[in-house]
Undergrad: 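There's a structure below that I have some questions on.
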Amino acid sequence: MAPTCSHPGPALPSGCHRAPASGLPAPVTEEEIVRDIADDRTLTEVGLWCWLFGGIAIVVGALVVGLPAMRYSPKLGRWGLVLFGTGLLAIASAPEMDAVALGGLEEGVSQDALAKAGEGTYGRLVVAVPTFYFVVAHVLGATLLGVALLRGRVIAPWAAWLPILSMPVNVVGYAGGIMPLTVVSFAMMAVAFALAGLVVVRHGTGWTRTP
């Protein structure tokens, strides 16, 4: 994410830890993840705060993008916003084990016990299903929103392509634990969302009130 996520979070990562500067894959077992957290608790704490504020910002951004997208390309905009928004809600329902690990380490819980707790938690369907749904929904949702912006000419074509192209970059960056790619994907989406926000500020959402 050098940070890379131990557990999925949106398009913004939830818990982030150090990855090798070479760009090699991040730790893949719970034992390695807990050890990584213990080695740099401050970075994990910063990552959690970033996830909190970034998550709030991306929800606002999705609404700002979704409203004009639905106005000018109703079906694509609607399904894009529904998938993207519900994907964020799904991952928000999953337990944040990075925070649990931090709290456990502070209270003297062993790394082995925390690793087993993580394995048990993420092995349950009630956690695995919303996590999987998030991965699929936020990728499809962002892509559909980008296509809606493109077809509706809400923002410049090059900007509308950014959320579409950001998703493959995000997946590759996350799967490979390659921070630069993940950061680039976030930046691409942020630019598109910001430009759509400027359109809304200047011209409104395009929706009109009925008497």
Side-chain angles (χ1 to χ4, degrees), residues 1-59 62 84-139 141-142 166-167 169-187 189:
M1 275 185 193
T4 179
C5 294
S6 61
H7 309 115
L12 286 177
S14 52
C16 297
H17 317 301
R18 294 175 300 176
S22 61
L24 295 175
V28 293
T29 67
E30 289 297 329
E31 289 82 2
E32 291 173 306
I33 291 169
V34 172
R35 189 183 313 124
D36 205 36
I37 293 173
D39 287 343
D40 200 333
R41 302 182 191 186
T42 300
L43 180 58
T44 303
E45 187 94 32
V46 170
L48 290 169
W49 279 109
C50 288
W51 163 237
L52 171 62
F53 293 114
I56 294 171
I58 203 169
V59 169
F84 194 80
T86 56
L88 295 180
L89 288 174
I91 198 61
S93 73
E96 181 43 75
M97 294 305 293
D98 292 358
V100 174
L102 277 178
L105 290 169
E106 289 293 331
E107 295 299 322
V109 178
S110 71
Q111 293 186 25
D112 182 61
L114 291 170
K116 289 179 179 179
E119 289 174 356
T121 300
Y122 280 95
R124 304 191 67 82
L125 280 179
V126 72
V127 176
V129 169
T131 299
F132 176 77
Y133 177 78
F134 157 74
V135 173
V136 175
H138 94 281
V139 169
S166 71
M167 287 298 98
V169 175
N170 183 272
V171 171
V172 171
Y174 175 78
I178 306 171
M179 180 190 179
L181 284 182
T182 306
V183 172
V184 167
S185 73
F186 296 156
M189 185 177 293

Undergrad: Taking all heavy atoms of Val109 and all of Ala113, pick out the closest pair and write down the distance.
TA: CG1-CB, 3.9 Å
Undergrad: Tell me the closest heavy-atom pair linking Leu181 and Gly173, and the distance in Å.
TA: CB-CA, 3.8 Å
Undergrad: What distance do Leu114 atom CG and Thr121 atom OG1 have between them, rounded to the nearest 0.5 Å?
TA: 10.5 Å
Undergrad: Given 3.5 Å as the limit, does a donor-acceptor pair link the side chain of Ser93 with the main chain of Ala90, or not?
TA: yes
Undergrad: Quick one: pull up CD1 in Ile58 and CE in Met189 and give me the separation to the nearest 0.5 Å.
TA: 5.5 Å
Undergrad: Among Leu102, Leu105, Asp36, find the residue that satisfies the side-chain contact (heavy atoms from CB on, under 4.5 Å) test when tested with Thr44.
TA: Leu102
Undergrad: Could you report the tightest heavy-atom contact between Gln111 and Ala38, atom names first, then the distance?
TA: NE2-CB, 3.6 Å
Undergrad: Closer than 3.5 angstrom, by distance alone: can the side chain of Tyr133 be matched with the main-chain N or O of Ile91 as a donor-acceptor pair?
TA: no
Undergrad: Which heavy-atom pair separates Ala94 from Val127 by the least distance, and what is that distance?
TA: CB-CG1, 4.4 Å
Undergrad: Out of curiosity, Trp51 CH2 to Asp98 CG, how far, rounded to the nearest 0.5 Å?
TA: 11.5 Å
Undergrad: Please report the interatomic distance CZ(Phe84) to CG(Leu89), rounded to the nearest 0.5 Å.
TA: 11.0 Å
Undergrad: My understanding is that only residues two or more places apart in sequence, or in another chain, count here; which of them pass side-chain contact (heavy atoms from CB on, under 4.5 Å) with Glu31?
TA: Thr29, Arg35, Ala115, Glu119
Undergrad: Going through the checks in order, is the side-chain contact (heavy atoms from CB on, under 4.5 Å) test met by Asn170 and His138?
TA: CA-CA 11 Å; Asn170 183 272; His138 94 281; 3.9 Å; yes
Undergrad: Can you tell me how far the CD atom of Glu96 sits from the CG atom of Leu52, to the nearest 0.5 Å?
TA: 11.0 Å
